[in-house]
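See below for the structure under consideration.
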Amino acid sequence: PGWEQGTRVRLKPICEPCQRHLNEQFEIPASPLLKAMMDGSAISLTARELVLVAGWSAKTALVLRLADKDTEPYAAEVIRGYLGHMLKDATPPPNTTIRLGYLSDSLHRSHEGFLPPGWPDALDPHRGFFGLLAVPGFVCETIVGPAPVIRGFIDATKDDDRFVLIWPP
């Protein structure tokens with residue numbers, strides 16, 4: 001209905017059973033919610049549905065980052081650790097913040113960007129990971145890193161009404 005899925009990303013750094021388990025935990029249960037959001041439906045999410053959408057956002061951002069050929073080996077190991085946590089606990093990794101924002105082609109594009117003033121476009125892999133996923137209808141922002149980095153980001157963006165914080169709950 002107006003959107004198409006891109007080509008599938010096959011990851012050699014993630015074993016097939018792990019990829020399947022991540023999909024079973026996040027991709028499959030979040031799919032109906034994501035499709036409704038992509039179609040522009042106004043929906044209310046339960047606490048469990050917020051975990052699913054947040055988990056999908058974190059999983060997708062981390063997997064895409066891991067698939068990037070420019071990802072440094074150290075960062076790849078850190079990302080695998082985050083995904084391992086997700087496999088074990090069925091939640092986004094600790095020290096993660098995830099926000100959702102409405103995205104419309106009919107709105108004028110903002111030249112402000114999404115990050116708070118003074119934040120770098122990319123975090124040092126030793127300090128954290130930033131991922132922004134734009135899909136039809138909405139945008140997901142995922143940041144994983146040390147607690148001071150995450151607290152600083154949440155504090156710096158608490159008045160940004162373009163996004164809704166969905167993780168941490």
Side-chain angles (χ1 to χ4, degrees), residues 1-7 9 22-23 25-68 71 75 79 82-83 85-86 90-125 127-169:
W3 62 273
E4 294 180 24
Q5 183 173 354
T7 59
V9 176
L22 284 167
N23 286 342
Q25 282 184 316
F26 300 107
E27 193 82 28
I28 294 167
S31 181
L33 302 168
L34 298 170
K35 287 177 182 175
M37 292 165 64
M38 286 179 193
D39 289 341
S41 300
I43 61 173
S44 294
L45 299 174
T46 66
R48 175 68 185 138
E49 290 169 336
L50 285 172
V51 172
L52 290 173
V53 173
W56 173 84
S57 178
K59 182 229 26 135
T60 303
L62 292 168
V63 166
L64 290 174
R65 180 66 177 268
L66 194 56
D68 184 342
T71 298
I79 290 169
Y82 293 149
L83 291 169
H85 166 85
M86 294 182 73
T91 64
N95 298 324
T96 298
T97 181
I98 300 170
R99 301 187 309 162
L100 294 181
Y102 173 71
L103 188 63
S104 171
D105 289 336
S106 65
L107 297 175
H108 295 288
R109 299 209 184 269
S110 169
H111 296 290
E112 300 172 30
F114 294 108
L115 295 173
W119 271 66
D121 287 340
L123 293 174
D124 177 330
R127 294 201 53 208
F129 163 79
F130 175 80
L132 190 66
L133 302 169
V135 295
F138 64 100
V139 61
C140 301
E141 170 195 81
T142 302
I143 302 178
V144 186
V149 171
I150 298 305
R151 276 194 300 274
F153 184 82
I154 290 173
D155 288 345
T157 59
K158 67 179 178 244
D159 296 323
D160 184 348
D161 62 359
R162 297 174 299 166
F163 289 93
V164 174
L165 180 72
I166 64 168
W167 190 266

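The figures here come from the full heavy-atom set of this structure, side chains too, leaving out hydrogens, waters and symmetry mates. Position 1 is the first residue of the sequence; numbering continues from there.
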If you look at every heavy atom in [X] and [Y], which pair is closest and at what distance?
{"X": "Ser57", "Y": "Cys140", "value": "OG-CB, 3.2 Å"}
{"X": "Tyr82", "Y": "Val144", "value": "CZ-CG1, 3.2 Å"}
{"X": "Ala90", "Y": "Arg48", "value": "O-NH1, 4.4 Å"}
{"X": "Phe163", "Y": "Gly101", "value": "CD2-N, 3.7 Å"}

Could you pull out all residues at least two apart from [X] that satisfy side chain to side chain donor-acceptor pair (under 3.5 Å)?
{"X": "Thr97", "result": "none"}
{"X": "Thr96", "result": "none"}
{"X": "Thr60", "result": "Trp56"}

How would you list, by chain and number, every residue that makes a side chain to side chain contact (heavy atoms under 4.5 Å, CB included) with [X], sequence neighbours excluded?
{"X": "Pro32", "value": "none"}
{"X": "Leu45", "value": "Leu33, Ile43, Glu49, Leu50, Val53"}
{"X": "Ala47", "value": "none"}
{"X": "Ala58", "value": "Met86, Pro92, Pro93, Ile98, Thr142"}

So, do Leu133 and Phe138 sit near enough that their side-chain heavy atoms are less than 4.5 Å apart?
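No, too far: nothing below the 4.5 Å cut-off.
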
For the residue pair Pro168 and Ile154, establish whether any side-chain heavy-atom pair is separated by less than 4.5 Å.
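Pro168 vs Ile154: side chains touch.
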
Nearest 0.5 angstrom please: [X] [atom1] to [Y] [atom2], how far?
{"X": "Met38", "Y": "Ser31", "atom1": "CE", "atom2": "OG", "value": "8.0 Å"}
{"X": "Leu52", "Y": "Thr91", "atom1": "CG", "atom2": "OG1", "value": "11.5 Å"}
{"X": "Thr157", "Y": "Glu141", "atom1": "OG1", "atom2": "CD", "value": "6.5 Å"}
{"X": "Arg65", "Y": "Phe129", "atom1": "CZ", "atom2": "CZ", "value": "5.5 Å"}

Does any pair with a residue in residues 52-62 pass salt bridge (Lys or Arg N to Asp or Glu O under 4.0 Å), and if so which ones, sequence neighbours excluded?
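Qualifying pairs, neighbours excluded: Glu27-Lys59.
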
